[in-house]
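Throughout, protein chains are lettered first and strands after them, A, B, ... in sequence-line order, and every chain is numbered starting at 1. Quick caveat: nothing in here was measured; it's all calculated off a predicted structure.
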Protein chains: 2
Amino acid sequence: MELDDTDRAILRILQEDARTPFSEVARRIDMSSATVHDRVSRLEEAGVIRGYHAEIDPGSVGYGVSALVGLRVQQGHEDEALARLREVDGVREIHLTTGEWDVMMRVYAENTDDLRELMFGQIAGMDGFDRSQTMVILGTAYEEAGVPIPSHR
Amino acid sequence: MELDDTDRAILRILQEDARTPFSEVARRIDMSSATVHDRVSRLEEAGVIRGYHAEIDPGSVGYGVSALVGLRVQQGHEDEALARLREVDGVREIHLTTGEWDVMMRVYAENTDDLRELMFGQIAGMDGFDRSQTMVILGTAYEEAGVPIPSHR
DNA sequence: GGTGAAATCCTTCCCTT
DNA sequence: AAGGGAAGGATTTCACC
């Protein structure tokens, strides 16, 4: 789907605050709210907008620790290994990557004990992996929701 | 702030779809929409809900490549190094981590040429870093927005 | 936590350019 | 093909119980 500057302006607003009323979006981009509604519908249908999510403070719901985990997968075990990984509680992202690790995942745990149980109790015992490294996130210096949206193409 | 089961139910719904009308949230948790509104306001003010964001397909806005980048920071240069990093276009997350890398960041780029320019043109030339590794994301096997929200505590 | 009412917003249809 | 006006029905919001 081809996007124009108006579409990108809408995306920028909704990525920043997904609950902005269409009437206000309309005001800001100087169009009617019917048009905004129309464009948003098209963007949703085309898969440009995948969904709308509340961003929740992990600490408030009991997650005190997050980590990035690198994994080496044994040849031929890729599919089953990934299928089992996504069942592990706390795993929120699983990426296939180049470099030292075949898989990089992002996990959340209540505390370090929980994280240890997750890594040594669950993942270390799985077939299909032969090495891992846990990079505990000590702090986040910067985190912006979503992707940068260029003002034109 | 102390959360109860009702709060967590609301959070789960809004994390999944931030534009769910409060009237429907109310229906699902069997309360009035005024109460939902009241609770959501308190969750926002307490910082439990940090915001609402549209999830946008990176490919649709021109980002064909994403990567995780590990960096080693020279002692004593931490603050300035991080300050400069967050100015780099395409950088969306910067985490301080234990393990082989001091900093792990997530970047988006148009294509591999763009990513190379970002890494070799911009970051490699900066003071304060002495080693890096770029883990290009070849694919994402699983990605769930936000954090798991337990049904009780 | 709920009710009720006013203000606002969403949505659709239809008309215009 | 794209945008705007208008109108209904739904939703948000706020004062008060």
Side-chain angles (χ1 to χ4, degrees), chain A residues 1-57 59-62 145-147 149-153, chain B residues 1-63 145-147 149-153:
Chain A
M1 178 187 179
E2 267 307 303
L3 305 184
D4 62 18
D5 290 351
T6 302
D7 290 323
R8 281 187 290 271
I10 292 171
L11 293 176
R12 213 171 298 113
I13 292 168
L14 293 181
Q15 181 170 259
E16 170 97 21
D17 181 1
R19 289 189 75 102
T20 311
F22 290 173
S23 55
E24 193 192 324
V25 176
R27 220 168 306 145
R28 290 208 230 161
I29 65 173
D30 203 44
M31 287 194 170
S32 75
S33 60
T35 303
V36 172
H37 181 263
D38 195 61
R39 291 208 176 225
V40 170
S41 299
R42 284 192 300 105
L43 290 165
E44 287 171 352
E45 273 157 34
V48 178
I49 296 176
R50 289 178 174 163
Y52 305 93
H53 308 287
E55 180 191 353
I56 289 159
D57 171 47
S60 300
V61 288
V147 293
I149 296 176
S151 45
H152 56 86
R153 292 228 80 207
Chain B
M1 178 186 178
E2 268 306 303
L3 305 184
D4 62 17
D5 290 351
T6 303
D7 290 323
R8 280 187 290 272
I10 292 171
L11 293 177
R12 213 172 297 113
I13 292 168
L14 293 181
Q15 181 170 258
E16 170 98 21
D17 181 0
R19 289 188 74 102
T20 311
F22 290 174
S23 56
E24 193 193 324
V25 176
R27 228 173 344 239
R28 290 208 230 160
I29 66 174
D30 204 45
M31 288 193 170
S32 76
S33 61
T35 304
V36 173
H37 179 262
D38 195 62
R39 290 202 177 230
V40 170
S41 299
R42 285 193 299 104
L43 291 166
E44 288 171 352
E45 274 156 33
V48 177
I49 296 176
R50 289 178 174 164
Y52 306 93
H53 308 287
E55 180 191 353
I56 289 159
D57 172 45
S60 299
V61 288
Y63 295 96
V147 294
I149 296 176
S151 45
H152 57 85
R153 291 228 80 207

task = Tell me, with the steps shown, if B:Val147 and B:Gln15 meet side-chain contact (heavy atoms from CB on, under 4.5 Å).
result = CA-CA 9 Å; B:Val147 294; B:Gln15 181 170 258; 4.0 Å; yes

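Nucleotides of DNA chain C with any atom under 4.0 Å from a heavy atom of chain B span, from 5' to 3', C:dG1 to C:dC10. If you walk DNA chain D from 5' to 3' and mark each nucleotide with an atom closer than 4.0 Å to a heavy atom of chain B, the marks span D:dT11 to D:dC14.
Note: A:Arg8 CZ to B:Ile56 CD1 = 11.5 Å, rounded to the nearest 0.5 Å.
B:Asp57 is linked by a side-chain contact (heavy atoms from CB on, under 4.5 Å) to A:Arg50, B:Ser60, counting only residues two or more places apart in sequence or in another chain. For A:Ser33, there are no side-chain hydrogen bond (donor to acceptor under 3.5 Å, both in side chains) partners, not counting sequence neighbours. Every residue two or more places apart in sequence or in another chain that forms a side-chain hydrogen bond (donor to acceptor under 3.5 Å, both in side chains) with A:His53 is listed here: B:Glu55. Under the side-chain hydrogen bond (donor to acceptor under 3.5 Å, both in side chains) criterion, B:Tyr63 pairs with no residue at all, not counting sequence neighbours. Listed by chain and number, the residues in a side-chain contact (heavy atoms from CB on, under 4.5 Å) with B:Thr6 are B:Asp4, B:Ile10, B:Ile29, B:Met31, B:Arg39 (sequence neighbours excluded). Contacts of A:Arg12 classified as side-chain hydrogen bond (donor to acceptor under 3.5 Å, both in side chains), with partners at least two apart in sequence or in another chain: none.
Across every non-hydrogen atom of A:Ala26 and A:Ser32, the tightest pair is CB-C, 3.6 Å. A:Met1 and A:Leu43 make their closest contact through CE-CD2, 3.9 Å (heavy atoms, listed as atom of the first residue, atom of the second, distance). Pairing each heavy atom of A:Ile49 with each of B:Ala54, the nearest pair is CG2-CB, 4.5 Å.
Near DNA chain D, meaning a heavy atom under 4.0 Å away, the residues from residues 7-35 of chain B are B:Pro21, B:Phe22, B:Ser23, B:Ser33, B:Ala34. Contacts between residues 42-50 of chain A and DNA chain D, defined by a heavy-atom separation below 4.0 Å, involve no residue at all.
Counting heavy atoms from C-beta outward, B:Leu14 and A:Arg19 have side chains that approach closer than 4.5 Å. Using a 4.5 Å heavy-atom threshold, the side chains of A:Arg153 and A:Leu3 count as separate.
Applying the side-chain hydrogen bond (donor to acceptor under 3.5 Å, both in side chains) test to pairs two or more places apart or on separate chains, those with a residue in residues 20-31 of chain B are B:Glu24-B:Arg28.
Stretches of at least 3 consecutive Watson-Crick or G-U wobble pairs, with each checked distance under 3.5 Å, appear in DNA chain C as C:1-9 with D:9-17, C:11-17 with D:1-7.
Comparing the C1' positions of C:dT16 and D:dG8 gives a spacing of 22 Å, expressed to the nearest Å.
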